[in-house]
Novice: 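Pasting a structure below so you can have a look.
Given the structure is predicted, the values throughout are model-derived calculations rather than measurements. What you see below is based on every heavy atom in this structure, not just the backbone, and it leaves out hydrogens, waters and symmetry mates.
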Number of protein chains: 2
Amino acid sequence: MSDIKEVAKRANVSPSTVSRVIGGKIPVAVETKNRVLAAIAELNYRPNIIAQGLKGISTKTIGLVIPNVRSLVFPAAIRGIEDIAKKNGYVVVLCNTDEDFEQEKFYIETLRSRLVDGFIFSTARAGAQNIMELETEGFPAVLLLRQLEDCVNAVVLDNFNSAYQAVKYLISRGLRSIGLINGPLELTLYEERFAGYKKAMAEAGLALPEQAIVHGIEGGEDAYLATKDILKTGVKVDAFFATNDPKALGAMRAVKDYGLDVPNDISIMGFDNLDFAPLLDPPLTTVAQPFYEMGAKACQRLISIIEEKKNEKPQIDILAAKVIVRGSVI
Amino acid sequence: MSDIKEVAKRANVSPSTVSRVIGGKIPVAVETKNRVLAAIAELNYRPNIIAQGLKGISTKTIGLVIPNVRSLVFPAAIRGIEDIAKKNGYVVVLCNTDEDFEQEKFYIETLRSRLVDGFIFSTARAGAQNIMELETEGFPAVLLLRQLEDCVNAVVLDNFNSAYQAVKYLISRGLRSIGLINGPLELTLYEERFAGYKKAMAEAGLALPEQAIVHGIEGGEDAYLATKDILKTGVKVDAFFATNDPKALGAMRAVKDYGLDVPNDISIMGFDNLDFAPLLDPPLTTVAQPFYEMGAKACQRLISIIEEKKNEKPQIDILAAKVIVRGSVI
DNA sequence: CTGAAAGCGCTTACAG
DNA sequence: CTGAAAGCGCTTACAG
């Protein structure tokens, strides 16, 4: 790899001048500029990002902190992030924390000391000290999918309305006793989905089937067990609203295991529209989150923050979801 | 963030000495060392990786180049990679290429100039010029899942034997006319799976049902269409061996659409054991690839190459898969 | 065992 | 518009 000196020599200018044409901010005589450009091309020169970074220039890399790549909600968002990053010459470092604050801290500490220009976090939850500190110190960061008070930049889903729409749809299909398989309420998003569900039920004058409502469910397996328990109870339920697709899947299996038919005996509504949703049997009716767009938007925002440096007011983007009708609701 | 000078001042030594205790290679008087360590702790000092990188030291980051995070085979491998990376103080940059050589080139060029100490590639295929160049230049790189001649470091699956075992299992279940839904033969791994299939058939004295064998199938949708075409043909098939789970899923849907039952009319055998496999209806019998282990192993290898710098002989690790019996085979 | 100096590849005031 | 010099935060011969 050739360095800036070689380019300078070949173009017969000083390294300073080469640096100026690369930077593009400081005027350079057009004739000199062309000579430099030619030299750069001939030597296939690329500035050493590390050296630039040392000078306080950005390293053009952003840190993406998520709980786990294996969780199906992230890959699509990651694509959105990476596509935008690449378009702007950035590169992304992937960090899995397994919901562990210590690991999160580890990543923040090792990366912020210059390896990274900013962060995107999908790990926000009550008690996220590390993220808050970063934010108060003014280090560029945006939250994705998971929110944390209104004081930082974020792009999230309109969880309340999405859930509300989903349940309204269920009700419009004549379903009355609608159970809820929900995630941990310590995540704002599950609280909001719960609220949306309650609103739709209340509006329709429907009582909440308390015995068929559970929170704190983590994955498909958990949902499977919880749904079975509910069924054993003997409560009459017409439908289950599962607040994410893996939970819907678990619920569906439980219903089938119980000898009941989906959707003829019990309807199932999911949330997320993961890739596997259309492939299930029956194909899952669910709420589609615009993962790719959200990732792209978060990345775009981060990059503006990094590059403009104007401390623009923190802002929360709230995107809308959409119910996707397939075969799991009657 | 404090720098090395502050630490030096506080410990009453020169920056060189601080650097030495950090490096740990060069002897430092135990008493001085303790003073330095104390200062580091008090100031919560962390060496600036970028500055270290400038000096030719590694940046402790590795580039992971894959076709697409959204493809279900990668997330598990990524976790393996990242876990090992983290354990060794490395961080990973994620690069999606969409199977496009230009994008691959872009990433290699922007990252190798110091941002990255080495690469893991899962994008190898015929004509992978960029990877070959890197390899001949001696830049640390290891291939994962997809292979490229025997001349570079790689960790891959024993595709031949895995397919062989899968088909043998099918045959052991009394199935005779076994169709094949295969991927593009330009990928070594599909060629090998095809070979394994043929060997098992030949050993059992079974003729290949030519009309029920297709190659070049990319995803579930493709597989769905291809399987339908085969069925329309009227050939009698007892089972389909799909060389990855998404293809199996497509085949399964086609069989069901055709009014046939899985597995009673036609059995389906997949390959990969993706997370959704056990959740299908019926749960998919398939071949489990040890994705996590392969990722971990590839990362471990890369790090040894980076750190030891002994040009150890390139080596190919070939891991075994295992057939997982579930409900889609009679 | 330890310090002063040079240098990694760049950028950016400072002169001109 | 352009060059020489200083400096970003480290490491590593070179002396001692």
Novice: Going by side chain to side chain contact (heavy atoms under 4.5 Å, CB included), name the residues that satisfy it together with B/K105, two or more places apart in sequence or in a different chain.
Specialist: B/E102, B/E109, B/N130
Novice: Partners of A/T17 by side-chain hydrogen bond (donor to acceptor under 3.5 Å, both in side chains), sequence neighbours excluded?
Specialist: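 With neighbours one apart ignored, the set is A/S14.
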Novice: Polar atoms only, N or O, under 3.5 Å: list the protein pairs with nucleotides 3-5 of chain D and their distances.
Specialist:
residue : atom : partner : partner atom : Å
D/dG3   : OP2  : A/S14   : N            : 3.0
D/dG3   : OP2  : A/S14   : OG           : 3.0
D/dG3   : OP2  : A/T17   : OG1          : 2.6
D/dG3   : N7   : A/R20   : NH1          : 3.2
D/dG3   : N7   : A/R20   : NH2          : 3.4
D/dG3   : O6   : A/R20   : NH2          : 2.5
D/dA4   : N7   : A/S16   : OG           : 3.4
D/dA4   : N6   : A/S16   : OG           : 2.8

Novice: I'd like to check the ring pair (Phe, Tyr, Trp, His ring centres under 6.0 Å) partners of B/F119; sequence neighbours left out, ordered by chain and number.
Specialist: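 B/F119 satisfies ring pair (Phe, Tyr, Trp, His ring centres under 6.0 Å) with B/F121, B/F139 only.
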Novice: Taking the minimum atom-to-atom distance to the side chain of B/A51, which one of D/dC10, D/dC8, C/dC8 wins?
Specialist: D/dC10
Novice: For A/I26 and C/dT12, what is the distance between atoms CD1 and P respectively, to the nearest whole Å?
Specialist: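 From A/I26 CD1 to C/dT12 P: 6 Å.
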Novice: Applying side-chain hydrogen bond (donor to acceptor under 3.5 Å, both in side chains), name anything that partners A/Q300, two or more places apart in sequence or on another chain.
Specialist: none
Novice: Just the dot-bracket of DNA chain D, please: which string comes out with Watson-Crick or G-U pairs under 3.5 Å, [ ] for crossing, | for another strand?
Specialist: |||.||||||||.|||
Novice: Within the supplied structure, the quantity of interest is the number of heavy atoms (other residues, nucleotides, ligands) at a distance under 6.0 Å from B/K297 NZ; does it exceed 12?
Specialist: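 Not buried by this count: 12 neighbours or fewer within 6.0 Å.
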Novice: Scan for side chain to side chain donor-acceptor pair (under 3.5 Å) pairs involving residues 75-84 of chain B, sequence neighbours excluded, and state none if there are none.
Specialist: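 Listed by first then second residue: A/N68-B/R79, A/D98-B/R79, A/Y107-B/E82, B/R79-B/D83, B/D83-B/Y292.
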Novice: Taking all heavy atoms of A/L302 and all of A/G118, pick out the closest pair and write down the distance.
Specialist: CD1-C, 3.8 Å
Novice: For A/Y90, enumerate each residue passing the ring pair (Phe, Tyr, Trp, His ring centres under 6.0 Å) test, keeping only those at least two apart in sequence or located in another chain.
Specialist: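 Not a single residue meets the ring pair (Phe, Tyr, Trp, His ring centres under 6.0 Å) criterion with A/Y90.
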Novice: Tell me, which of residues 29-42 of chain A have any heavy atom that sits under 4.0 Å from an atom in DNA chain D?
Specialist: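 Here the set is A/A29, A/T32.
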Novice: How many whole angstroms separate atom CZ of B/R46 from atom P of D/dG9?
Specialist: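 Answer to the nearest Å: 17 Å.
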Novice: Tell me: CD of A/E6 to P of C/dC8, nearest whole Å?
Specialist: 12 Å
Novice: D/dT11, C/dT11, C/dC10: which one has an atom nearest the side-chain heavy atoms of A/D3?
Specialist: C/dC10
Novice: A/K9 NZ to C/dC10 P: how many Å, rounded?
Specialist: 14 Å
Novice: How close or far is atom P of D/dG7 from atom CD1 of B/I4, stated in whole angstroms?
Specialist: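 From B/I4 CD1 to D/dG7 P: 18 Å.
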Novice: Can you list every pair that meets salt bridge (charged side-chain N to carboxylate O under 4.0 Å, His left out) and has a residue in residues 34-45 of chain A, with sequence neighbours left out?
Specialist: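 Qualifying pairs, neighbours excluded: A/R10-A/E42, A/E31-A/R35.
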Novice: Could you tell me the separation between the CD atom of B/Q52 and the P atom of D/dC8, rounded to a whole number of Å?
Specialist: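 It works out to 17 Å between those atoms.
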Novice: Mind checking side-chain hydrogen bond (donor to acceptor under 3.5 Å, both in side chains) for B/T123 and listing every partner two or more places apart, or none if nothing turns up?
Specialist: B/E104
Novice: Extract all donor-acceptor atom pairs below 3.5 Å that involve side chains of residues 18-25 of chain B and protein atoms in other chains or at least two apart in sequence.
Specialist:
none

Novice: How close or far is atom P of D/dG9 from atom CG of B/N48, stated in whole angstroms?
Specialist: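 Checked: the CG to P distance equals 7 Å.
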